[in-house]
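Single-structure report; data block below.
Below, chains carry the letters A, B, ... as their sequence lines are ordered, and counting in each starts from 1. When reading the values below, keep in mind they use all heavy atoms of this one structure, side chains included, and skip hydrogens, waters and symmetry mates.
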2 protein chains.
Amino acid sequence: MKDVAAHARVSLGTVSNVLNRPELVSERTRKRVLTAIGELGFVRNESARQLRGGSSRTLAYVVLDTSNPFFTDVARGVQDAADAAGLALFLCNSGEDRERQAAYLDLLEQQRVEGVLITPVDAADPRLTALARRGTPVVIVDRGAGPAHCSVTVDDMLGGDLAVTHLLDTGHRRIAFVGGPRMIGQVGDRIAGAERAVDRAGTGELTVLETARPNVAEGRRAGERLAGLPAAHRPTAAFCANDLLALGLLQQMVRLGLRVPDDMAIVGYDDIEFAEAAAVPLTSVSQPRYLLGRTAAELLLAEARGDGAHDHEQLVFAPELVVRASTRLIPVSRRA
Amino acid sequence: MKDVAAHARVSLGTVSNVLNRPELVSERTRKRVLTAIGELGFVRNESARQLRGGSSRTLAYVVLDTSNPFFTDVARGVQDAADAAGLALFLCNSGEDRERQAAYLDLLEQQRVEGVLITPVDAADPRLTALARRGTPVVIVDRGAGPAHCSVTVDDMLGGDLAVTHLLDTGHRRIAFVGGPRMIGQVGDRIAGAERAVDRAGTGELTVLETARPNVAEGRRAGERLAGLPAAHRPTAAFCANDLLALGLLQQMVRLGLRVPDDMAIVGYDDIEFAEAAAVPLTSVSQPRYLLGRTAAELLLAEARGDGAHDHEQLVFAPELVVRASTRLIPVSRRA
DNA sequence: CGTCTTTTATGAAACGTTTCAAAGGGTGAG
DNA sequence: CTCACCCTTTGAAACGTTTCATAAAAGACG
């Protein structure tokens, strides 16, 4: 900037004014400075700017797993909200790795981002509370939060309830829940919702098949386990904690010669794009992904921009069941 | 930091030494300073650090489309390489939007990132050359580059050739290429490869069905157009520019009652995770995605860390054909 | 033509670090 | 007891901006 000033024969302050409050500078001078900037290929140093200005005009979203399409949709919502507010978005992928997440949080705090959106590896990470206490607003995405943060979630218990109620309604009695690890709050909630549906119906039984991670490979493995059971005891329907699991399960069923939905009905969760394109289009619980991200970012902005007082909100969205071919009414004659 | 110094009754310089060269500081003092840091919840200001130190310890990857699984795999490779080098990774999603890409490039240059990996919206963006000329190393990912940059690509002509050669070998003569827009260099190369295969075989004909974008929806639309043709003239095989298109096409075929591969064989491109989980597991051209990202990042690091002289390399990886159920040898008796 | 007001430009301070030359304090050798 | 040397610690400069009080220039007015 000093070079620019020299080149345009003005003072440092004037160059800064051209950049930040051009209306204070005369037409002639402004042009001269802009020309100098062009000729020298000057690029503002954001660090210095930030150091002096105090704010970074940057937001961050720490994603749990970039390769899960659910989160990329959420990210689009976040992106749009950030764009609308004129903020840049730093996307970080923790890859479900606690350490990497911690490293990112440290880094982001050091960068003085204006706020952090995060789908954390552990629901209640003390690090997040500490971060918020020190002044960086934090909004938890797709996970419940204590009163210390805003959060945006979808009602997983309701989702589980919808899914299993649908299975019970279509005539299933032996139902498997496939998902895990169970300690993930969400998974627990979906199980609870599933159990609530069974209890309310007063009939049917729920078996939980826990998986190590919610991905296609684990879905396949679960499929193998289910297919291995004698048909008489085998669940006739599976409710999966997400669509990746459901697709894996579906694929394994097809591979092992079990028919979907006749031998095994499947309900997934998330309604990702591929749910519809699956071998048998997948019945799934749909979450308002884009809206989730967008709303989360808006909450964060409100907290970051708001002056002082702020009440943390815990927003809960309602999921919807999308029925497709992977579930179907069992004729009464064929019921167990 | 001043507060920490006061709290620990040492000078500013000592605090800095504790942080950066702890071996210079006596055990006792170091402990005292660390305690003060803990008590005050001090967090380094990265901007100031960077301003003084000159380097940002940050890399950026400007992704063309986060929701395309191809790029998330590439991103994993980039991520790992960045981690290994102790650098943070800034993931940006241009969403195929020229303006957003430009905005990100400006932002990143202002942030003084150590280097930029990018899959650009346009192959030859003068902005990229300018960026590199001003000192920010740029590596082009999955797109060819002029001699001004390093680049990492996969041989798309070879990929197209492999796919169509496979279709010709399995007995197909009327082959459709589904993909677009054609002006994307990659698409052009795949078409060229496909034509090369046809020419070499001296038999068969290739029809190009151009799509507006390479996604599932467009794949479905292409499927509709193909299915609408009279069976006598309809291509018996389709080679799609990517798996999203192929999955859309497959889905539409199934929906319209055409059998895959009997009525329509399909070859996709990218071999994404869902290719295998599709209604009919998809034959696809597999690209070394992870390696692509990792190598790109390594090239970038070499350029960024290297002192001065650097020869730009254009690395080309070879794709592989993965044969699955969506293509099958046509019995000689049934050939046209 | 002087005075007052408005517009435009300037210079210095401040932001929070890192770095480096130099000062201070011990220790051991002579 | 003195000197030299090593280990610690210190203080100040520098990084590249923004901001603000102030100076200079330019108009406006009587």
**Request:** Quantify the bending of the helix from C:dC1-D:dG30 to C:dG30-D:dC1 as the angle between its end axes, each fitted on five pairs, to 10°.
**Result:** 50°
**Candidate pair A:Val33 and A:Asn17, rule side chain to side chain contact (heavy atoms under 4.5 Å, CB included), full reasoning** = CA-CA 10 Å; A:Val33 170; A:Asn17 281 336; over 6 Å; no
Contacts table for residues 34-45 of chain A: side-chain donor-acceptor under 3.5 angstrom, sequence neighbours left out:
| from | atom 1 | to | atom 2 | distance (Å) |
| --- | --- | --- | --- | --- |
| A:Thr35 | OG1 | A:Lys31 | O | 2.7 |
| A:Arg44 | NH2 | A:Asn20 | OD1 | 2.7 |
| A:Asn45 | OD1 | A:Ser47 | N | 2.8 |
| A:Asn45 | OD1 | A:Ala48 | N | 3.2 |

**Gap between atoms CD and C1', on A:Gln111 and C:dG16 respectively (whole Å)** = 15 Å
**Where protein sits on nucleotides 4-12 of chain C, one letter per nucleotide: B base, S sugar-phosphate only, - none, heavy atoms under 4.0 Å** = ----SSBB-
**Asked** How far does CG of A:Leu315 sit from OG1 of A:Thr295, to the nearest 0.5 angstrom?
**Response** 7.0 Å
**Message:** Can you measure B:Asn20 atom CG to C:dT19 atom P for me and round it to whole angstrom units?
**Reply:** 6 Å
**Prompt:** Between atom CD of A:Gln50 and atom CZ of A:Arg57, what is the distance when rounded to the nearest 0.5 Å?
**Reply:** 7.0 Å
**Nearest-angstrom distance from the residue atom CG of B:Leu19 to P of C:dG16** = 15 Å
**Request:** Starting from the C-alpha separation in whole Å, work towards a yes-or-no answer on side chain to side chain contact (heavy atoms under 4.5 Å, CB included) for A:Asn93 and A:Leu91.
**Result:** CA-CA 7 Å; A:Asn93 182 28; A:Leu91 269 183; over 6 Å; no
**Request:** Before accepting this row, confirm whether a basic side-chain N of the pair A:Arg289/A:Asp142 lies closer than 4.0 Å to the acidic partner's carboxylate O.
**Result:** no
**Prompt:** What integer distance in Å separates B:Arg57:CZ from C:dT18:C1'?
**Reply:** 11 Å
**Request:** Quick one: which residue pairs count as a ring pair (Phe, Tyr, Trp, His ring centres under 6.0 Å) with a foot in residues 58-110 of chain A, not counting sequence neighbours?
**Result:** A:Phe90-B:Phe90
Can I get a per-line list of side-chain donor-acceptor pairs under 3.5 Å for residues 81-89 of chain A, giving both atom names and the distance, sequence neighbours left out?
| from | atom 1 | to | atom 2 | distance (Å) |
| --- | --- | --- | --- | --- |
| A:Asp83 | OD2 | B:Arg100 | NE | 2.9 |
| A:Asp83 | OD2 | B:Arg100 | NH2 | 2.4 |

**Message:** Rounded at 0.5 Å granularity, tell me how far CG in A:Asp73 sits from CG in A:Asn68.
**Reply:** 9.5 Å
**Prompt:** Where along residues 40-52 of chain A does a heavy atom fall under 4.0 Å from DNA chain D?
**Reply:** A:Phe42, A:Val43, A:Arg44, A:Asn45, A:Ala48, A:Arg49, A:Arg52
**Request:** Please round to the nearest 0.5 Å and tell me the distance separating atom CG of B:Leu292 and atom CZ of B:Arg76.
**Result:** 12.5 Å
